[in-house]
Amino acid sequence: MHDPFQGTLPPGQKIDLTNCDREPIHIPGHIQAHGVLLALDPSTLNVLQASDNTLQYLGVPAQAVLGKGMDALLGSEQLDFLSSALRTERLEDNPLYLFTAHVLGSGPFHVIVHLHGGLLLMELEPTRTSPVRQPDFYELMKRSVARFQSARTVSEFCQMVAEEIRRVSGYDRVMIYKFQKDWSGHVIAEDMARDMGLPSYLDLHYPASDIPSQARALFLLNTVRMLPDAQYAPSRVVPELNPLTGKPLDMSFAFLRGASQMYTEYLINMGVRASLTLAISAGDQLWGLVACHHYSARQVPYDVRTACEFLSRVVSLQVVDKGRHEETKYRERMGEVHRCMVQNVARQEHLVDVLTGCTPGVREFVECGGAAVLAEGECRLLGNTPSELQVRLLVEWLKTAQGSEIFATDQLPALYPDAKAFKEAACGLLALPISRPRGEYVLWFRPETIQTVNWAGDPYKPVEIGPMGDRLTPRKSFELWSQTVEGRSLPWVDVELEAARRLRESLTEIVFRRSEEISRLNLELFRSNQDLDSFAYVASHDLKEPLRGIYNYATFLTEDYAKTLDDAGRQKLATVIRLSKRMQVLIDSLLHFSRLGKSPLRIEPLPLGPLVDEALENVESRLKETGAVVSVPRPLPTVHADHTGLIEVYSNLLSNALKYNDKPERKVEVGYVAEGEPGFPVEAEGFKECFYVKDNGIGIPENSKEEIFRIFKRLHPQADFGGGTGAGLTIVKKVIERHGGRIWLTSREGEGTTFYFTLGRE
Ligand code: ADP
């Protein structure tokens, strides 16, 4: 077999997948078998080169036409026509059908000419090969344009075009490929003969190497490419080098240009015998291809090719438009979700609800398999996503490895290897940080691309594998593509990134406004707390004076008028004295409580052991009185806190533990649990230690667990359990909260109570 690659690569180098990109397919040195090619000197119209199949078509060997003038080949009328076309028509890189004529008495031929590289290329195509009715252009335009207008999406539109082109050209299968960003191809439309039992290639992907870069470049120049028979016998162009240019003939624009062996073998392996390929471009970019396949040799005439070219050009014009339309629709949908979220701010209190409370919502914002919203400690998963733990760990990675801007990748496992474990859900990640330090994010996930391919049945099995191997079959080609896209998702496109960026701006603004609102409320709260403290202080301070008066006068009365009063009068006076004493105690507690808020905390390292001993001294008399046993199971740590405040906390808790106990053996335990140790309460999460004071006393009913912290709240009659003002726990709570900690309790009535508390996070 003739080797069309001979002489086009360095000696000794065989064409293979790695170098087919460099194959100079525009100067193949040979043409296909379905016509004759002549290269003329444009100034003299003398034949400089000819294909060596002239004997078959013109009845004379190539040598016999070389050096001949056009006057020897064409009639005078055609010669005049040619000369005037040369003067008036734009023939540069633009093949033009001139006329149908006999050449050297053979034919008739369609005569198609164009200028390229300083030469006039004349292609003679025998007219006998016309298997289809010549299309009526006006009919075609009217019909197709009317139909295409109704298409709403690019793929719907491409499907119509595929059907229309097949109707006009009669090929067995017409497919439309769309190129992806990496130049791999995706079959987005297909129409084929239903009665041949052909497998569908719709939705298949092909690696970029299937249509190498130089083939793509040529398609941009020459948008129609016909291969009537993949098993054609090539005709060499003689002489090999053009006498005028000294170079091999550049056939970029010639419809007879010899095909690449890679391509013919690809077709043969698919069982395809003939093809017609039309380029679809968007602006100056190749957007896709219309690939027409036939399972037997097939040649369509110039007119049919032109009609198909017209249709593919309509696609070229429309895809951009339809694409823009689709993009606008997409933008609108994203905008709608965006607006809804912003409006939700007024209605929802929690950020998670703001983000997830719209339909369509976060999940529908961009095309994705699933989404996750992480805010205010919550994590909500929507659709197909990694597990909550995997998402939280991913966010930890994002916090350290990525910035505060939008982050998008279509190959997460390559950047974050742990993602391999959930690549079915998330090879693609679009991350929108709301607050990076707090780990508040909106995440969108895209699955691995291979999973999204709708593999349409078993592809055609080649009967025979050629010297290029079985790679050149749809199945192998798809497998090769699968390898290259492993661990990758469909890429995120500019509109999506832009919309996500805008959404981020709005969300960060919302969060900012909310935190401003919270600081304003905090300030207000602080002020009103201050006012309350001042009020309590002033009130208790000022009440003391008249109270002392009442007490003093009641005492005078008992002392000076005891005899004048009867028993009932003396008793009533005694009650006035008792109540005013009690009121004195209450006012003192209130004063004490209000002073707490006024004096600043003096935070210092405090070894808790000695501090608890000091507090025990404060309750010594009660300790002795009750005979209680206080144990400290292990040495207490050193904390950072205010000494007076903590003494107050422990004294109150210990005093209560001793007081509210009716057991013969009263037991109190003072201890702590460190983070990570068994028994560390969930309430203490985020703190290093959790302290406790445990007793075996009377317990606290479930429904009183909150109210006992209210000022002056006692669960018992005044005199029971040694009395009290009901201010102790309120003071304890205030001290702890001022340290940034919290207090809570667990209790079983009749069995005992444990008060837990935390201090500030260090
Ligand atoms: P006081 O002890 O002065 O009454 P507190 O504010 O310290 O005031 O306590 C409020 C109430 O909570 C107490 O009156 C008591 O009813 C209940 N209480 C506090 N500590 C305990 C405890 N360890 N066991 C049972 N009840 C308790």
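Indexing begins at 1, ligand by ligand and atom by atom, following the structure's order. Everything numeric in this text was worked out from a predicted model, so none of it was measured.
For the pair Arg714 and Phe721, the cation-pi criterion (under 6.0 Å, within 45° of the ring axis) is not fulfilled.
Sparse packing is recorded around NZ of Lys667, with 12 or fewer heavy atoms of other residues, nucleotides or ligands lying under 6.0 Å away. Within a 6.0 Å sphere centred on CD of Glu706, other residues, nucleotides and ligands contribute 12 heavy atoms or fewer.
Annotation: side chain of Arg666 is not in contact with side chain of Leu658 (no heavy-atom distance under 4.5 Å). With a 4.5 Å cut-off on side-chain heavy atoms, Trp492 and Trp444 count as touching.
Residue pairs that meet the side chain to side chain donor-acceptor pair (under 3.5 Å) test with at least one member in residues 400-421, sequence neighbours left out, are Ser404-Arg436.
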Every pair of nitrogen or oxygen atoms between ligand 1 and the protein that is under 3.5 angstrom apart - can you list them with their distances to 0.1 Å?
residue	atom	partner	partner atom	Å
ligand 1	2 (O)	Asn656	OD1	3.2
ligand 1	2 (O)	Lys659	NZ	3.0
ligand 1	2 (O)	Tyr660	OH	2.7
ligand 1	3 (O)	Thr725	N	3.1
ligand 1	3 (O)	Gly726	N	2.9
ligand 1	4 (O)	Tyr660	OH	3.0
ligand 1	4 (O)	Arg714	NH1	2.6
ligand 1	4 (O)	Gly726	N	3.4
ligand 1	6 (O)	Gly728	N	3.3
ligand 1	6 (O)	Leu729	N	2.8
ligand 1	7 (O)	Asn656	OD1	3.4
ligand 1	7 (O)	Asn656	ND2	2.8
ligand 1	7 (O)	Leu729	N	3.4
ligand 1	8 (O)	Gly726	N	3.4
ligand 1	14 (O)	Tyr660	OH	3.1
ligand 1	16 (O)	Leu715	N	3.3
ligand 1	16 (O)	His716	NE2	3.0
ligand 1	20 (N)	Asn656	ND2	3.3
ligand 1	23 (N)	Asp695	OD2	2.9

